[in-house]
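Basis for what follows: all heavy atoms, side chains included, without hydrogens, waters or symmetry-related copies. Since we're looking at a predicted model, the values are computed, not measured.
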Number of protein chains: 4
Amino acid sequence: MNDETTMRKQPKQARSQKRVDQLLDAAAQVFAEIGYESATTNQIAARAKVSIGSLYQFFPNKEALLEALLARYTEGLRESLTIDQRLNCSDTIRVMIEGMARFESSHEAFKTLFMDSNRVSQMHTEIVQQIDALLAIQFPTFDPAPRRQCAIVGVAIVKALMPLSGPPDYLAPEVVLNEVQVSLKSYLRAVLLREAIPLPDDLV
Amino acid sequence: MNDETTMRKQPKQARSQKRVDQLLDAAAQVFAEIGYESATTNQIAARAKVSIGSLYQFFPNKEALLEALLARYTEGLRESLTIDQRLNCSDTIRVMIEGMARFESSHEAFKTLFMDSNRVSQMHTEIVQQIDALLAIQFPTFDPAPRRQCAIVGVAIVKALMPLSGPPDYLAPEVVLNEVQVSLKSYLRAVLLREAIPLPDDLV
Amino acid sequence: MNDETTMRKQPKQARSQKRVDQLLDAAAQVFAEIGYESATTNQIAARAKVSIGSLYQFFPNKEALLEALLARYTEGLRESLTIDQRLNCSDTIRVMIEGMARFESSHEAFKTLFMDSNRVSQMHTEIVQQIDALLAIQFPTFDPAPRRQCAIVGVAIVKALMPLSGPPDYLAPEVVLNEVQVSLKSYLRAVLLREAIPLPDDLV
Amino acid sequence: MNDETTMRKQPKQARSQKRVDQLLDAAAQVFAEIGYESATTNQIAARAKVSIGSLYQFFPNKEALLEALLARYTEGLRESLTIDQRLNCSDTIRVMIEGMARFESSHEAFKTLFMDSNRVSQMHTEIVQQIDALLAIQFPTFDPAPRRQCAIVGVAIVKALMPLSGPPDYLAPEVVLNEVQVSLKSYLRAVLLREAIPLPDDLV
DNA sequence: AATGAATGAGTGTTCATTCAT
DNA sequence: TATGAATGAACACTCATTCAT
């Protein structure tokens with residue numbers, strides 16, 4: 001509970017919740033603009049129009065801000081990744097990728113923070129589990145071990161390709177979106193073949 | 001000469017060269033352990049068993065250390081990526097991935113630094129070009145634009161999957177090696193199909 | 001606002017103002033003792049019994065400390081140089097010099113800082129203008145160009161002679177005071193003669 | 001002898017003497033360009049095309065360089081101030097001031113160093129004595145105590161007015177030269193009157 | 001004697017964090 | 001509870017000086 005990196009108090013009162021939100025919004029902005037390391041807590045407090053003292057009332061240290069932001073993102077992402085189970089495989093992937101792209105563009109710091117491999121843990125594993133669950137539904141005979149492996153690799157591919165629209169490669173966003181889907185589908189196809197799982201029609 | 005990020009003096013004497021190597025080795029270790037931003041020049045000097053003054057005799061600032069390390073890696077990588085052109089497609093990919101894996105495990109900071117998207121530019125573009133050249137040789141009819149795109153995505157995939165053997169996923173190294181190849185080959189296959197380029201036998 | 005050499009915040013609360021005063025007093029002492037260049041910000045903070053962090057809360061850098069001190073002096077000097085216009089020429093000079101001497105002995109760093117020709121500009125020009133104005137009043141027919149020249153030379157003489165009570169010459173303070181007046185009056189007399197301006201009775 | 005600020009060895013061999021001269025020339029340049037405090041010994045050694053080790057073979061520390069330079073200047077000045085004793089008072093002053101101006105413009109660091117009141121001691125007193133001697137010759141009945149005082153004030157006036165041709169006042173050099181003479185002569189006249197010493201014809 | 005690589009205390013400055021108000 | 005002044009360890013970097021070669 002008195003974790004070094006956890007929020008100090010679950011704010012119950014509305015006023016407190018608002019404070020926390022201001023703080024996290026400000027943190028997101030600042031992290032997005034100059035990165036986690038370069039951001040200063042005073043900067044964030046100022047941006048949030050909150051005193052530095054108040055910031056430390058809710059967050060025991062700078063890292064806790066990051067953690068909370070990531071948690072918030074995880075929650076938001078969960079929705080983006082909750083997909084109509086009647087969709088076929090291709091469409092599932094498409095909807096998911098589109099969802100991520102939308103999420104990314106509406107949450108300024110997500111890209112910066114999510115890609116920074118040093119700082120992911122929790123959000124990362126959560127997403128992997130979600131994908132794993134998705135696969136389990138679509139392919140009931142998929143063995144759990146290779147399935148999890150597949151999920152891990154899939155997530156890694158998404159993480160790696162999404163930023164290709166920025167520096168230093170600057171591919172067109174729609175190209176990126178397409179290539180993510182292509183690589184995901186072709187990788188999935190290869191794994192299913194290897195695991196002797198019947199290919200769905202739309203992956204043949 | 002008075003570059004802000006270049007080495008201060010090309011070390012001519014053996015003693016100096018040794019000094020520089022100590023320094024770069026230490027920098028590699030420290031960067032690998034705690035990342036570029038968090039690393040301090042005093043830490044690096046201490047690790048190298050060299051005074052902080054000596055460090056600054058060779059490197060005008062912290063960034064120059066990074067730059068020199070990256071240059072060293074670029075050079076090393078070039079060799080790892082120089083591949084017998086008579087190999088077929090699968091083998092080319094295998095040899096290349098194995099080469100990267102070997103390189104990575106013998107150069108502590110490579111992973112950390114190469115993945116840190118803020119700081120790669122030069123090394124990154126160099127590698128992309130090399131892959132592009134490889135593709136050009138294997139598939140003479142490959143149109144330059146989509147070929148370059150393919151190279152970019154391929155490099156991104158490698159960058160993303162290689163670290164999977166570490167935290168937070170901890171896949172077995174040999175598994176990682178294999179999955180990189182699988183995803184690379186299946187992505188390449190998909191692109192070739194799309195571009196109406198005849199598949200080589202080993203990719204069918 | 002983001003001036004490189006201006007105070008960071010105009011201190012509004014009494015406590016802050018006190019802090020700033022402590023800091024400036026300490027700076028004055030240290031500058032007086034070892035000069036601006038040799039003085040260190042840590043030294044000044046220690047002397048002011050204030051943490052180095054506090055110093056930088058008010059002054060963005062060492063130079064800002066100097067600037068603020070000079071500004072304080074300029075203001076103080078303005079009063080010392082505001083002289084009853086009914087006084088005759090000799091008395092004006094005497095009162096002015098006495099005022100400066102009083103000011104100097106109650107503001108430790110004034111001498112050091114004012115004499116350091118590298119760092120005066122603003123205060124210097126202000127004083128010159130004040131003297132120029134004084135001359136304009138006393139000698140309405142004094143042509144502006146030579147009058148300004150006369151003011152410049154006059155100020156230079158004062159600047160040069162006042163420190164004669166210290167090292168390396170150690171003239172008695174009252175002697176110094178007298179000699180400043182003598183040289184000022186005789187120089188003024190010579191200039192007035194040259195400019196064909198009627199000498200006031202007390203300068204004959 | 002083992003003074004902290006004296007040269008380590010009076011160089012006897014020609015080669016050593018040359019070394020010392022190179023060093024002092026370089027020091028003069030660098031001091032003139034960026035001031036004593038900002039100058040670094042490595043810079044000076046480099047400018048002199050001498051190794052830093054050699055510099056410290058002759059000068060125990062940075063200050064010794066300054067001291068030696070000042071000594072050199074003192075010697076040079078002595079000549080400039082050696083004046084034909086048959087000259088009348090006005091001419092003596094004129095010749096002397098012209099000599100100083102010449103000296104100043106041919107010895108880059110002189111102005112910078114001589115005006116820096118923190119660092120004068122020896123050269124200053126020497127000059128004062130020379131002026132004192134000059135006065136003794138011209139005015140045999142001049143009482144030693146007021147005579148010395150007069151010399152001190154005279155030197156101070158010269159020191160203060162000569163730099164007026166530079167920042168922040170930028171008077172024309174010939175104006176400066178003239179005003180120095182005017183103030184010197186009028187001050188001397190005033191003192192002589194006070195001391196009841198008959199005025200020479202050219203001062204009436 | 002001459003070199004210049006090496007040293008490390010010291011510099012100005014920042015910023016996460018605390019705590020008196 | 002909220003504030004923001006205060007703290008001081010830590011940082012990147014400099015430079016007078018030493019000493020092995």
Side-chain angles (χ1 to χ4, degrees), chain A residues 9 11 13 15-16 19 37-46 49-65, chain B residues 8-9 11-13 15-16 18-20 37-46 49-65, chain C residues 8-9 11-13 15-16 18-20 37-46 49-65, chain D residues 9 11 13 15-16 19 37-46 49-65:
Chain A
K9 47 179 78 171
Q13 307 193 11
R15 186 153 57 108
S16 293
R19 252 345 209 193
E37 300 279 2
S38 302
T40 79
T41 50
N42 279 290
Q43 234 173 128
I44 292 170
K49 303 194 183 203
V50 152
S51 74
I52 183 66
S54 289
L55 185 158
Y56 276 91
Q57 206 121 46
F58 293 108
F59 301 94
N61 52 44
K62 190 176 155 184
E63 200 178 349
L65 271 169
Chain B
R8 236 163 230 209
K9 46 177 85 165
K12 296 166 194 169
Q13 308 189 12
R15 185 152 60 114
S16 294
K18 199 183 138 208
R19 225 55 173 175
V20 168
E37 298 279 3
S38 303
T40 80
T41 50
N42 280 291
Q43 239 174 126
I44 293 170
K49 301 192 185 211
V50 151
S51 75
I52 182 65
S54 287
L55 185 158
Y56 278 93
Q57 204 132 52
F58 293 107
F59 300 94
N61 51 45
K62 191 174 147 183
E63 199 177 350
L65 234 14
Chain C
R8 236 165 231 204
K9 47 177 83 167
K12 296 165 193 171
Q13 308 190 10
R15 185 154 56 114
S16 294
K18 200 184 136 208
R19 222 61 172 173
V20 168
E37 299 279 3
S38 302
T40 79
T41 50
N42 280 291
Q43 237 174 129
I44 293 170
K49 301 194 185 208
V50 151
S51 74
I52 181 65
S54 287
L55 186 158
Y56 278 94
Q57 203 133 50
F58 294 108
F59 300 96
N61 51 47
K62 190 174 149 184
E63 199 177 351
L65 235 12
Chain D
K9 46 179 79 168
Q13 306 192 13
R15 186 154 55 108
S16 294
R19 272 269 203 277
E37 299 280 0
S38 302
T40 78
T41 50
N42 279 290
Q43 235 173 128
I44 293 170
K49 302 193 184 203
V50 152
S51 74
I52 182 64
S54 288
L55 186 157
Y56 278 92
Q57 206 120 46
F58 293 108
F59 301 94
N61 52 44
K62 190 175 153 184
E63 199 177 351
L65 270 168

What is the separation between atom NZ on C/K18 and atom C1' on F/dA6, rounded to the nearest whole Å? 13 Å
When the distance from CZ of B/F58 to P of E/dA5 is rounded to whole Å, what number comes out? 7 Å
Write down the distance between CD (D/E63) and P (F/dC15), rounded to a whole number of angstrom. 18 Å
Which nucleotide in the list E/dT3, E/dA9, E/dA6 gets nearest to the side chain of B/I52? E/dA9
B/Y56 OH to E/dA9 C1', in whole Å, measures 15 Å
Please determine, for the side chain of C/R19, which listed nucleotide (E/dG12, F/dC13, F/dA6) has the closest atom? F/dA6
Measure the OG-CZ distance between B/S51 and B/R19 for me, rounded to the nearest 0.5 Å. 7.0 Å
Is A/T41 near enough to E/dA16 that one of its side-chain N or O atoms lies under 4.0 angstrom from OP1 or OP2? yes
Report the residue (C/T40 or A/Q43) whose heavy-atom-nearest nucleotide on DNA chain E is the more 5′ of the two. C/T40
Where the side chain of A/K62 is concerned, which of F/dC13, E/dT3, E/dA16 is the nearest nucleotide? E/dA16
Report the distance from atom CG of C/L55 to atom P of F/dA9, rounded to the nearest whole Å. 16 Å
Does the pair C/V20 and C/F59 meet the rule for a side-chain contact (heavy atoms from CB on, under 4.5 Å), with working shown? CA-CA 9 Å; C/V20 168; C/F59 300 96; 4.0 Å; yes
Between E/dA16 (P) and A/E37 (CD): distance, integer Å: 10 Å
It should be established whether A/S51 places a side-chain nitrogen or oxygen under 4.0 Å from OP1 or OP2 of nucleotide F/dA2. no
Considering non-hydrogen atoms only, spot the tightest contact between D/I44 and D/A39 and give its length. CD1-CB, 4.5 Å
Which listed nucleotide (E/dA1, F/dT3, F/dA16) is nearest to the side chain of A/Q57? F/dT3
Taking all non-hydrogen atoms of both residues into account, name the closest pair between B/K62 and B/E37 and its distance. NZ-O, 3.0 Å
Nucleotide nearest A/N42 (side chain, heavy atoms from C-beta), chosen from F/dT17, E/dT17, E/dT3: E/dT17
Complementary nucleotide of F/dT21, counting Watson-Crick and G-U pairs under 3.5 Å: E/dA2
Which is true for C/A39 with a 4.0 Å heavy-atom rule: it touches a base, it touches only sugar-phosphate, or it touches nothing? sugar-phosphate
A/T41 and A/L55 have their tightest heavy-atom pair at O-CD1, 3.5 Å
